[in-house]
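Each residue takes its place number in the sequence, starting with 1. In each ligand, atom 1 is the first atom listed, and ligand 1 is the first ligand listed.
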Amino acid sequence: MKPLLQKVALVTGAGHPKGIGRAIALKLAEQGATVVVTDLAQASEDMSGAVSQLKGQGVEAMAVAVDVTQKTQIESCVQQVLNRFGQIDILVNNAGVGVGSSDFTELSDQDWELSFKVNVKGVADFSQAVIPVMQAQGGGSIINISSLLGLGAVEAIPACYTATKFAVIGLTKQLAVNYAKQNIRCNAVCPGSIVTQMHSTTLELIAEEHGISLEEAQALEDANIPMGYSAEPSVIGDAVAYLASPAARYMTGVSLPVAGGMSPGI
Ligand SMILES: NC(=O)c1ccc[n+]([C@@H]2O[C@H](COP(=O)([O-])OP(=O)(O)OC[C@H]3O[C@@H](n4cnc5c(N)ncnc54)[C@H](O)[C@@H]3O)[C@@H](O)[C@H]2O)c1
């Protein structure tokens, strides 16, 4: 039997067809879950595509436009999901931004504000809106997408990204300890180098920092990965599906690297 049958999962930032969020949504559906995809309103066409793809897998699906920096949109989304499906069992806080310069002295207030609003406060606000639902249901699973950069720092990455991804892990641990007795598990997944739009931006930063081409930057990145390659987003989908499943029922508060053995830096 599929392990997530009769579960309702909500994934943030799941619009982009080649993003990690979409891969997570598809994997949760493969395991039997009903899936709610959310993303910024400008991604509504992509979200419709996601819903068709999910329904094609034989599950119920719905799309809701939500900017995770807007608390009222989060609250309205949770209400819409409850009206339609009556429950939320799995929340995947995947939406994230990577903005700013790798030169710390050039980071602007806007870079810091956007990074914190999306990467940290967005995760906190969505969790705050969903936890009472999970409490009423007798449990649930929250999975936050941090980064290998939430475990250690490497060169050529904006400090506002690294700092916010560390914060996601702190938030994950606090929620894990606060709600463990209510059967609400909270874990973080820490992707390494995953081939997406955001990954291309990181490669551009590395290329700029070292004065090399994008191909050379990719080769430099891959040389730091013991398994020797950057992976497809589905590897993160698999890790999330595992953490959401009954197989991980005794796991909470973990920060799971999915990075081909890459070191998290210092
Ligand atoms: N790609 C990697 O190598 C990598 C590595 C480590 C961690 N991550 C993390 O994985 C997650 C997904 O990243 P990705 O690589 O798929 O990037 P991506 O840019 O393809 O996807 C990010 C998604 O978040 C959405 N988003 C941005 N701001 C939002 C907001 N305010 N409200 C709602 N949605 C918003 C975007 O529209 C997009 O669909 C992010 O949290 C990222 O930090 C990625």
Test of understanding: with side chain to side chain donor-acceptor pair (under 3.5 Å), list the residues that count as partners of Gln182, not counting sequence neighbours. Gln135
Between Ser230 and Asp222, do the side chains contain a donor N or O and an acceptor N or O under 3.5 Å apart? yes
Is there a donor in the side chain of Glu216 and an acceptor in the side chain of Ser213, or the other way round, less than 3.5 Å apart? yes
When you pair each N or O of ligand 1 with protein N or O atoms, which pairs come out under 3.5 Å?
unit_1, atom_1, unit_2, atom_2, d
ligand 1, 1 (N), Ile194, O, 3.1
ligand 1, 1 (N), Thr196, OG1, 3.0
ligand 1, 3 (O), Gly192, O, 3.3
ligand 1, 3 (O), Ile194, N, 2.9
ligand 1, 3 (O), Ile194, O, 3.2
ligand 1, 15 (O), Thr196, OG1, 2.5
ligand 1, 16 (O), Ile20, N, 2.8
ligand 1, 31 (N), Asp67, OD1, 2.9
ligand 1, 32 (N), Val68, N, 2.9
ligand 1, 37 (O), Asp39, OD1, 2.7
ligand 1, 39 (O), Asp39, OD2, 2.6
ligand 1, 41 (O), Asn94, O, 2.8
ligand 1, 41 (O), Lys165, NZ, 3.0
ligand 1, 43 (O), Tyr161, OH, 2.6
ligand 1, 43 (O), Lys165, NZ, 3.0

Atom pairs and distances, donor-acceptor, side-chain atoms in residues 231-240, under 3.5 Å, two or more places apart:
unit_1, atom_1, unit_2, atom_2, d
Asp238, OD1, Lys27, NZ, 3.1

Ser146 and Asn144 side chains, donor-acceptor separation under 3.5 Å: no
Residues which pass side chain to side chain donor-acceptor pair (under 3.5 Å) with Gln174, listed by chain and number, not counting sequence neighbours: Asn178
